[in-house]
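Report on one structure; see the data block that follows.
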Amino acid sequence: MPKETLINSANERKRETHGTKQPRHINKIGEGASTAQRSDSLVQPINQRFLKHNADIAVIFEEIADLLEIESANPFRIRAYRNAARMLSELPQSVPQLLQQGFDLTQLPGIGGDLANKIKEIVTSGHCSLLDRLHKELPPAITELLKIPGLGPKRVKALYHDLDVQTVEQLHRAARDGRIRTLPGFGEKTENNILQAIEAHANQSQRFKLAIAAQYAGALEKYLAAIPGVTMVTVAGSFRRMRETVGDLDFLVVANINSPVVQQFTAYDEVVEILAAGSTRASVILKSGLQVDLRVVEASCYGAALHYFTGSKAHNITIRRMAQQQGLKINEYGVFRDQVQIAGETEASVYAAVGLPYIPPELRENRGEIVAAKSGLLPRLIELHDLRGDLHVHTKATDGHHSLREMAQAGLNCGFEYIAITEHSRKLAFAHGLDATRLLQQCDEIDQLNAELKGMTLLKSIEVDILEDGNLDLPDSVLSRLDLVVGAVHSGFHLSRAKQTERIVRAIQRPYFTLLAHPSGRLIQRREPYDVDMLRIIREVKQRGCFLELNAHPERLDLLDTQCRMAKEEGVLVSINSDAHSIFDFAHLRFGIGQARRGWLEKGDVLNTRNLKALRPLLKRTMSSSS
Ligand code: DGT
Ligand code: CA
Ligand code: CA
């Protein structure tokens, strides 16, 4: 093999390891490098050979070893995968290339017939059926536990088998509740160490909720756009990808050479600290604690810079590798062939240069979007204007701030055709929840108002509490008189996984149940999702012809993006709702749309893109006692 090739692949490996390294904090759970590669690897078609590097194969073998160890497989078998992973990651020759040259892989150290076949399978098909099988048996999040310092596969195995701990959140809970010390071989000291490790892991960076960051971003965007010489301002990074929280804001500005943009940026009145300031870049901390990075670029490389700074890093790395395979170089200044810029003025030109259609920012997480783009299978993502109504709205009859009429008018202003009035039920005394009498009274008011309203229909509903035993907080005789029933959990968050799942499943099975509100129960940065078997719930929802909510409240954004995708795969429609408590809250819907787009949802996957005529029969199905 020529020397140059060896050096190149060694550098490439280094960059890969560096490039996919993720900061350790709880908010990134599920988005680590291995997860990203995993979802991609499940769908890569045969001709994607070039996406597989030695390091990719090593990652797969390492994960197999971890999962086998958690499954108590034969130690020799586990060791074989670990050794092969190490060997592959250190091997300077590219295994895919060796295979192409007809090299017999069993000549590599530690590679027998079985492993050689697995490597071939990975290189030629992009996935490994053994790993696919293991993922079916063990929750994918479990490998995240291995990232907590001090937790190896043996401990993870004990935690999973004895305490049913599958996620870092559950681990945290178990440690806080003192359950870990009861396990053989753990003890109080280990429990404390685990607790500290999780907290260190979680606190490594302060993140801002998307809606909060949007406020700072909007103001700064206006300020920057008004600076002389500035022709374009965009916020890139995780903000543009609509992640539910952002670590910092990445502003990209096109400006002419004489523009005082950097000086004026650092002079912005919210700046409390200037971390760096050069001629084309700067970083500052705002009063809020939010960091803002600024990059100034020329119009000719705007698209390349936007692509680079939008990320995600994992997405960029894969695109860059594709470019390398085609003899191209991509960086934040453009796409180059032999030092000549061939693309980069627009983002679309960057994708076109590597033979791909434009990929929307919300999909750029290296979760299969590149393969989908290549195969012409990118989803046509839902947009805000696709919504025809909102199925979760409160009024001042309970804890909202505006009247029925005011909420109806606000809905009309959004271009909606219907909104469902979903007050809390009696159990939520602090919210002045409705009992049967008050609910039926509200139904009468709605009937009267509907007779008067033009272009807007109020649907009669309730956000009924799901009690701890799975019953609903109001009798069937009352619920049966509504257009739809929205059910929600507001208490008993700490039930065991089995009990919580059973509770929610029972509620869904009630004769009048339509929509499960904020299904995971998490409050961003305040309360972890409750422990529940979401797939089971989604399947029950499907079975009953019911629906799931994606609650757009900035603190909820619940369904999670990955769960949206799960719902889509299971064929369950999602309703993107504001949970408005005032006329202003419909504005939250845009974040719900962002989350839905991150979850690959299209217009057809979303219940409330239906017009009222199409919606009614879907709701009716859930509202017949025989269903
Ligand atoms: P955040 O701020 O933690 O919510 O997440 P991002 O994605 O906004 O990350 P950030 O602010 O560190 O960087 C913005 C983008 O810049 C990132 O999404 C991709 C790109 N980027 C940053 N560092 C690297 C790198 O080392 N390699 C590559 N390929 N891209 C990078
Ligand atoms: Ca950022
Ligand atoms: Ca940044």
Side-chain angles (χ1 to χ4, degrees), residues 25-32 35 138-145 147-148 159-160 163-177 179 198-199 201-202 207 209-211 243-245 392 463 465-466 468 470 486-505 507-508 515-541 547-570 572 574-577 579 591-592 594-596 598-599:
H25 49 70
I26 279 180
N27 285 314
K28 291 227 172 171
I29 285 167
E31 301 198 357
T35 313
L138 286 166
I142 207 161
T143 53
E144 292 294 332
L145 292 178
K147 294 191 183 145
I148 302 291
L159 289 162
Y160 177 58
L163 295 179
D164 196 29
V165 163
Q166 309 182 7
T167 65
V168 178
E169 288 91 329
Q170 291 167 354
L171 180 69
H172 197 191
R173 208 175 294 151
R176 270 189 326 226
D177 296 349
R179 282 182 280 137
I198 299 170
E199 278 161 8
H201 187 87
R207 300 185 63 85
K209 286 196 270 292
L210 182 63
R243 267 197 68 173
E244 59 198 34
T245 62
H392 191 158
E463 181 183 3
D465 231 66
I466 297 177
E468 277 201 36
V486 178
V489 166
H490 291 112
S491 60
F493 302 117
H494 295 294
L495 293 184
S496 71
R497 181 179 176 86
K499 282 202 172 126
Q500 194 71 275
T501 306
E502 187 53 29
R503 166 199 197 177
I504 296 173
V505 163
I508 296 164
L515 175 66
L516 180 62
H518 40 75
S520 91
R522 67 94 178 256
L523 295 176
I524 297 173
Q525 295 170 333
R526 275 213 294 139
R527 187 173 73 215
E528 299 300 339
Y530 33 71
D531 194 1
V532 85
D533 182 347
M534 191 57 80
L535 186 58
R536 169 91 209 282
I537 288 177
I538 291 177
R539 290 192 170 151
E540 195 63 37
V541 164
F547 310 99
L548 289 172
E549 175 179 79
L550 194 180
N551 188 299
H553 189 282
E555 205 169 32
R556 291 196 181 270
L557 292 175
D558 178 9
L559 284 184
L560 314 193
D561 51 5
T562 47
Q563 295 170 340
C564 287
R565 230 170 141 179
M566 206 191 272
K568 179 183 173 124
E569 274 159 21
E570 296 293 320
V572 168
V574 172
S575 185
I576 304 175
N577 298 334
D579 200 352
F591 301 110
Q595 176 98 335
R598 289 178 59 80

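Computed from a predicted structure; not experimentally measured.
Of all the heavy atoms in Ile576 and Ala596, the pair that sits closest is CD1-CB, 3.6 Å. Summarising the geometry of Ala552 relative to Leu557, their closest heavy-atom pair is O-CD2, 4.0 Å, with the distance given to 0.1 Å. The shortest non-hydrogen separation linking Ala174 to Val165 is CB-CG2, 4.0 Å. Residue Ile142 comes nearest to Tyr160 through the heavy atom pair CD1-CG, 3.6 Å, listed as atom of the first residue, atom of the second, then distance. Of all heavy-atom pairs between Ala488 and Ala517, the closest is CB-CB, 3.9 Å.
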How far apart are the C-alpha atoms of Gln500 and Arg503, what are their side-chain angles, what is the distance that settles it, and do they pass the side chain to side chain donor-acceptor pair (under 3.5 Å) test?
CA-CA 5 Å; Gln500 194 71 275; Arg503 166 199 197 177; 2.9 Å; yes
Please lay out, stage by stage, how Lys568 and Val574 fare under the test side chain to side chain contact (heavy atoms under 4.5 Å, CB included).
CA-CA 8 Å; Lys568 179 183 173 124; Val574 172; over 6 Å; no
Would you list the atom pairs, donor with acceptor, under 3.5 Å between side chains in residues 529-538 and any protein atom, with sequence neighbours excluded?
unit_1: Tyr530; atom_1: OH; unit_2: Pro519; atom_2: O; d: 3.2
unit_1: Asp531; atom_1: OD1; unit_2: Gln170; atom_2: NE2; d: 2.4
unit_1: Asp531; atom_1: OD1; unit_2: Arg497; atom_2: NH1; d: 3.2
unit_1: Asp531; atom_1: OD2; unit_2: Gln170; atom_2: NE2; d: 3.3
unit_1: Asp533; atom_1: OD1; unit_2: Leu535; atom_2: N; d: 3.4
unit_1: Asp533; atom_1: OD1; unit_2: Arg536; atom_2: N; d: 3.2

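Side-chain atoms of Ser575 do not come within 3.5 Å of backbone N or O of Asn577 as any donor-acceptor pair. Without hydrogens or angle criteria, Asp558 side chain to Gly521 main chain gives a donor-acceptor distance under 3.5 Å. Counting only distance, with no hydrogens or angles, the side chain of Glu244 and the backbone of Gln595 share no donor-acceptor pair below 3.5 Å.
Between atom CG of residue Leu210 and atom OG1 of residue Thr245 there is a gap of 8.5 Å, rounded to the nearest 0.5 Å. The CZ atom of Arg179 sits 9.5 Å away from atom CG of Asp164, with the distance rounded to the nearest 0.5 Å. Taken from CD1 in Ile508 to CD1 in Ile466, the straight-line distance is 7.0 Å, to the nearest 0.5 Å. Taking CG of Asn551 as the reference point, atom CZ of Arg556 lies at 5.5 Å (rounded to 0.5 Å). We find the CG-CD distance between Leu138 and Gln166 to be 8.5 Å, quoted to the nearest 0.5 Å. To the nearest 0.5 Å, atom CG of residue Asp579 and atom CG of residue Leu550 are 11.5 Å apart.
In this structure the side chain of Leu516 never reaches within 4.5 angstrom of the side chain of Glu549, judged on heavy atoms. Inter-residue side-chain proximity for Leu560 and Arg522 is flagged as met; some heavy-atom pair is nearer than 4.5 Å. Using a 4.5 Å cut-off on side-chain heavy atoms (C-beta onward), Glu199 and His172 make contact.
With respect to Glu570 and Arg539, a salt bridge is recorded, a charged nitrogen being found less than 4.0 Å from a carboxylate O.
His518 and Glu463 share a donor-acceptor pair across their side chains, judged by distance under 3.5 Å alone.
Summarising the local packing, NZ of Lys209 is surrounded by more than 12 heavy atoms from other residues, nucleotides or ligands at distances under 6.0 Å.
In this structure His553 satisfies the ring-ring contact (aromatic ring centres under 6.0 Å, His included) test together with His588, sequence neighbours excluded.
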